[in-house]
There are 2 protein chains.
Amino acid sequence: MPTPHYGQPRYHVIADELRERIESGVIPPGALLPPESVLTAEFRASRGTIRQALAVLRKNGLATTEHGRGTYANAYAFSHALSGGSDVQKREREVAADAELAALFGVEIGAPLIEFESVTRKGRNVSAVTRTYRLSSPAY
Amino acid sequence: MPTPHYGQPRYHVIADELRERIESGVIPPGALLPPESVLTAEFRASRGTIRQALAVLRKNGLATTEHGRGTYANAYAFSHALSGGSDVQKREREVAADAELAALFGVEIGAPLIEFESVTRKGRNVSAVTRTYRLSSPAY
DNA sequence: AGAAATTTGTCCGTATGTATC
DNA sequence: AGATACATACGGACAAATTTC
């Protein structure tokens, strides 16, 4: 693989992508980001480049890294996006599994799932809707 | 010590050796491989290099690792294309807006949306499914 | 039941060699 | 030549899950 750095350096592009995920709620506040090893695979970047990207997030207050544990998305990032003119509404509800979700979770169609929905608005427009589904009763 | 990686990288050589032991039955299916600490001594490689070799085995479906327990040799079926060996599977597709999404985004029902789906697995079970919806053609 | 040891998971910092822009 | 990035490798430290005593 060549090393094209048109415009922006890779670590900056990666940092932007991760910031987008944090501010949009794809990575919810307080959640762990994927470990460096996974990020290297996802972005096909070397560990050094990934670490540079994470350093950018830390410097901007979007993430916090703990030795031996991982890198957290900061809750502060949410309010940052809020003050930036976007608005986020959240809600949690119980829904019935459709065929697709049932197949994924290995439950019957109609089985109860917890749906966590996050609606991100910028101005009057909705920019993103994120729905996270989990089993309502723990899998054992 | 310097780090000459002439020819094949060390983790690759080590992975090959371990695969040989598994396929030849020296390490029978279901048995635990030696712990990383022992492998570092055997191959005189750093732990990181050993873990890289083990990652190759996992990716090839030859071994399975459990936190705090160890790495098992798999009774190897050919699970290469199936699981891919990764924890998170992602895909992106275009879907039609249902009534709720249409109302949120302010588009007509059936209008095209980009759906980004991420399926997180723990072991064999799906632990979470996240779907993020965005407008397919940015409205600005 | 509880403490210690084992083992894997993750991050830190550093270093070398290679390749491309 | 310099900056960026990749792949590889080392050693150390802390965290978390599991097993053992």
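We use all heavy atoms of the structure for the numbers below, so side chains are in, but hydrogens, waters and symmetry mates are not. Order of the sequence lines fixes the chain letters, A, B, ..., with proteins taken first and strands second; residue numbering starts at 1 for each chain.
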Shortest side-chain distance from B/Tyr11, nucleotide among D/dT8, D/dC10, C/dT8
D/dT8
With rounding to the nearest 0.5 Å, note down the distance linking CD1 in A/Ile14 to CD in A/Glu42.
10.0 Å
Could you tell me the separation between the OG1 atom of B/Thr71 and the CD atom of B/Glu36, rounded to the nearest 0.5 Å?
6.0 Å
Between P on C/dT7 and CD on B/Glu36, what's the gap in Å once rounded to a whole number?
10 Å
From the set C/dC12, C/dG9, C/dT8, return the single nucleotide nearest to any side-chain atom of B/Arg58.
C/dG9
Checking B/Thr65 against B/Arg58: is there a side-chain donor and acceptor pair closer than 3.5 Å?
yes
Which part of the nucleic acid, if any, lies within contact of B/Gly48, taking any heavy atom under 4.0 Å across all strands shown: a base, the sugar-phosphate backbone alone, or nothing?
nothing
Roughly what angle, to 10°, lies between the helix axis at the start of the helix from C/dG2-D/dC21 to C/dC21-D/dG2 and the one at its end, five pairs per end?
10°
Pick the closest DNA chain D nucleotide for B/Ile50 and for A/Tyr72 by heavy atoms, then say which residue is nearer the 5' end.
B/Ile50
Length of the CZ-C1' vector between B/Arg51 and D/dA9, whole Å:
15 Å
Less than 4.0 Å between a side-chain N and a carboxylate O, is that true for A/Arg131 and B/Glu100?
yes
Length of the CG-P vector between A/Leu32 and C/dT10, whole Å:
9 Å
Rounded to whole Å, the NE2-P distance (B/His67 to C/dG9) equals 6 Å
Electrostatic pair B/Glu17-B/Arg10, nearest N-O below 4.0 angstrom:
no
With the side chain defined as heavy atoms from C-beta on, A/Gln52 is closest, among D/dA5, D/dT8, C/dT8, to D/dA5
Atom CD of A/Glu66 to atom P of D/dA15: distance rounded to whole Å?
8 Å
Choose from D/dT8, C/dG13, C/dT8 the nucleotide whose nearest atom is closest to any side-chain atom of A/Arg47.
C/dG13
Compare side-chain N and O positions of A/Thr49 against OP1 and OP2 of D/dC6 and report whether any pair is under 4.0 Å apart.
yes
Side chains of A/Leu54 and A/Leu18, heavy atoms from C-beta outward: is any pair under 4.5 Å?
yes
Rounding to a whole Å, what distance do you find between B/Arg10:CZ and D/dT8:P?
13 Å
Taking only the side-chain heavy atoms of B/Ser46 (C-beta and beyond), determine which of D/dC10, C/dC11, C/dT8 contains the nearest atom.
D/dC10
Could you tell me the separation between the CD atom of B/Gln8 and the C1' atom of D/dA9, rounded to a whole number of Å?
16 Å
Just the rounded figure in Å: distance from P of D/dC6 to CZ of A/Phe43.
12 Å
Do the side-chain N and O atoms of A/Ser46 and A/Thr49 include a donor-acceptor pair separated by under 3.5 angstrom?
yes
